[in-house]
Amino acid sequence: MTIRDSFAASALALALVACGGGGSSPTPTSGGGVVAAPAPAPTPTPTPTPTPPPSPTYPSFSELTGEQTLDTVCGGRELVRIDNGSIFTDIERSIITPFGADIPLVSDRDEPNYTFWSQADGLTAFNVSFDQSDRDLNRVSSEIYRRELPGTGGLEAFLRFAPPSVNSQPLIYAQYASLRYLTDDNIFVDLRCALGVPTLLTDTPSSVIEYSASGPFEQIGAFIRAEIRENPGLFTGGVSAAILPAVARFDPESGEITLNFTVSAQTSDTSDDVTEIATFSASAVFDGSETNFSGVILDEPGSEVGEFNGWFFGPQGAELAISVNIETSFANGDELFVTGVAFLR
């Protein structure tokens, strides 16, 4: 074989390799490419279920320690004593406040001691404190504090602090406080307030909840003052009274709060007889924007005769407190005035 023949044979062998000689190469597809297995679909990542925020915890009122600034909801009256020569004339005006800081109570729960003051427009300014040196140790069912006011001829500053009992059970989160005080401006302040461990705005009842107040008069607590004028057949002047019985309903979907209640009173300090004075209804709408609800009070014929404020206490609105102010008259001309607070559970 010549060099030329050897070169030609080598070129032929290379050409066969390039053309896939020997049948060992894969058959081309119609598109000219090699068939490949499809790539596996990616496994979707599951969306994590959001963890619900933990439910808030509430101490009972008795578990509070240290200095506490407590919001209140109050009802009451002021007597403005005007000197007409040698005669003092009392002019009465009603007080009703929403739940909040209009009349805060500061209390060091380790003592305990108490300071009430007024900081709302339209209310008489006052600031009065009580400590253990003012306490009446002869009273055990509630805390009673009294202190003689200098230059008043024996008038006292008076504070009562008591746990309400509703449906024969003491409340856990809400408390009652009443104050009687003569200011430097010669104005007599008579307040009845509810306070305690309020329900957070983000923890109001999530489903329909119904409240009631029933039980013996002496257990429910005489936390309002009722006065009927010009009716010697029943009683004259003011008496301690209670909103008893009472029912309330809160619908969180609509925000509507409805109440139906009777004002009852012991018409004599020496009698256990309880007289039902009048029955009322009330309603309000809670819009979720603030820790208070307010509405109007109607008499049985449906006429507007007063107003009320209120708020919840404890987890999911376990307890309810309202302040009321009612001014109405009966068919015989008698006038009824009601101020104070009430508790339901």
Side-chain angles (χ1 to χ4, degrees), residues 61 70-77 94-103 105 162-167 171-178 190-199 201 204-205 209-215 220-226 240-252 255-265 277-287 290-299 304-314 316-328 336-345:
F61 187 83
L70 304 169
D71 289 344
T72 65
V73 58
C74 300
R77 60 184 182 137
S94 298
I95 299 172
I96 184 169
T97 65
F99 181 74
D102 282 357
I103 306 177
L105 174 67
S165 182
V166 177
N167 304 338
L171 297 186
I172 298 172
Y173 306 100
Q175 291 285 300
Y176 169 75
S178 64
D190 181 8
L191 281 175
R192 291 161 172 80
C193 300
L195 50 97
V197 183
T199 301
L201 191 60
T204 53
I209 186 170
E210 296 183 343
Y211 301 87
S212 66
S214 61
I220 199 72
F223 299 144
I224 63 173
R225 179 183 184 276
S240 294
I243 287 181
L244 175 72
V247 293
R249 184 179 188 272
F250 173 58
D251 183 346
E256 186 177 23
I257 299 158
T258 56
L259 295 105
N260 292 276
F261 61 90
T262 298
V263 174
S264 302
I277 300 172
T279 297
F280 302 93
S281 62
S283 63
V285 175
F286 169 60
D287 64 7
E290 59 180 349
T291 53
N292 180 69
F293 49 81
S294 302
V296 298
I297 298 174
L298 307 178
D299 61 12
E304 183 176 333
V305 295
E307 58 183 320
F308 77 100
N309 294 289
W311 189 242
F312 309 104
F313 292 82
Q316 284 280 295
E319 299 166 0
L320 173 66
I322 61 171
S323 62
V324 298
N325 176 48
I326 299 172
E327 298 182 12
T328 187
L336 172 66
F337 300 85
V338 177
T339 59
V341 294
F343 300 88
L344 299 90
R345 72 182 319 161

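We use all heavy atoms of the structure for the numbers below, so side chains are in, but hydrogens, waters and symmetry mates are not.
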Closest non-hydrogen atom pair between A265 and I277, with its separation: CB-CD1, 3.7 Å

Interatomic spacing from CG in N309 to CG in D102 - rounded to 0.5 Å: 9.0 Å

Among V338, T279, V324, the one residue meeting side chain to side chain contact (heavy atoms under 4.5 Å, CB included) with V263: V338

Atom pair CG/CG of L259 and L320 - distance to nearest 0.5 Å: 6.5 Å

Residue pair T97, S323: steps toward the side chain to side chain contact (heavy atoms under 4.5 Å, CB included) verdict: CA-CA 7 Å; T97 65; S323 62; 5.6 Å; no

Beyond-backbone contact of F308 with I326, side-chain heavy atoms, under 4.5 angstrom: no

With R345 via salt bridge (charged side-chain N to carboxylate O under 4.0 Å, His left out) - residues at least two apart: none

Test side-chain contact (heavy atoms from CB on, under 4.5 Å) applied to V296 - qualifying residues, sequence neighbours left out: L298, E304

Ring pair (Phe, Tyr, Trp, His ring centres under 6.0 Å) partners for F293, two or more places apart: F312

Sequence-distant partners of T291, side-chain contact (heavy atoms from CB on, under 4.5 Å), two or more places apart: F99, L201, W311

G314 versus T199, closest heavy-atom pair with distance: O-OG1, 2.5 Å

Pairs under 3.5 angstrom only: tabulate donor-acceptor contacts from the side chains of residues 245-252 to other protein residues two or more places apart or in another chain.
from	atom 1	to	atom 2	distance (Å)
D251	OD1	E253	N	3.0

Pairwise side-chain contact, F280 with I243, heavy-atom cut-off 4.5 Å (strictly under): no

Distance (rounded to the nearest 0.5 Å) between I257 CD1 and S294 OG: 9.5 Å

Nearest heavy-atom neighbours spanning I209 and G317: CD1-O, 3.7 Å

Shortest non-hydrogen contact between T339 and G75, atoms and distance: CB-C, 4.4 Å

Non-hydrogen atoms of T72 and C193 that approach each other most closely: CB-CB, 4.3 Å

Nearest-0.5 Å distance that lies between atom CD in Q175 and atom CG in L70: 9.5 Å

side-chain hydrogen bond (donor to acceptor under 3.5 Å, both in side chains) involving D190 - partner list, sequence neighbours excluded: R77, R192

Non-hydrogen side-chain atoms of C74 and I95 separated by less than 4.5 Å: no

All side-chain hydrogen bond (donor to acceptor under 3.5 Å, both in side chains) counterparts of N325, not counting sequence neighbours: S94

Atom of G196, atom of F61 and distance for their closest heavy-atom approach: CA-CD1, 3.8 Å

Reported CG-to-CD1 distance for the pair L195 and I103, which is rounded to 0.5 angstrom: 11.5 Å

Under the ring pair (Phe, Tyr, Trp, His ring centres under 6.0 Å) test, residues paired with Y211 that sit two or more places apart: none

Residues that T258 engages under side-chain hydrogen bond (donor to acceptor under 3.5 Å, both in side chains), provided they are two or more places apart: none

Atom pair CG/CD1 of L244 and I224 - distance to nearest 0.5 Å: 9.5 Å

Non-neighbouring partners of Y173 that pass ring pair (Phe, Tyr, Trp, His ring centres under 6.0 Å), sequence neighbours left out: none

Listed partners of S281 passing side-chain hydrogen bond (donor to acceptor under 3.5 Å, both in side chains), at least two apart: none

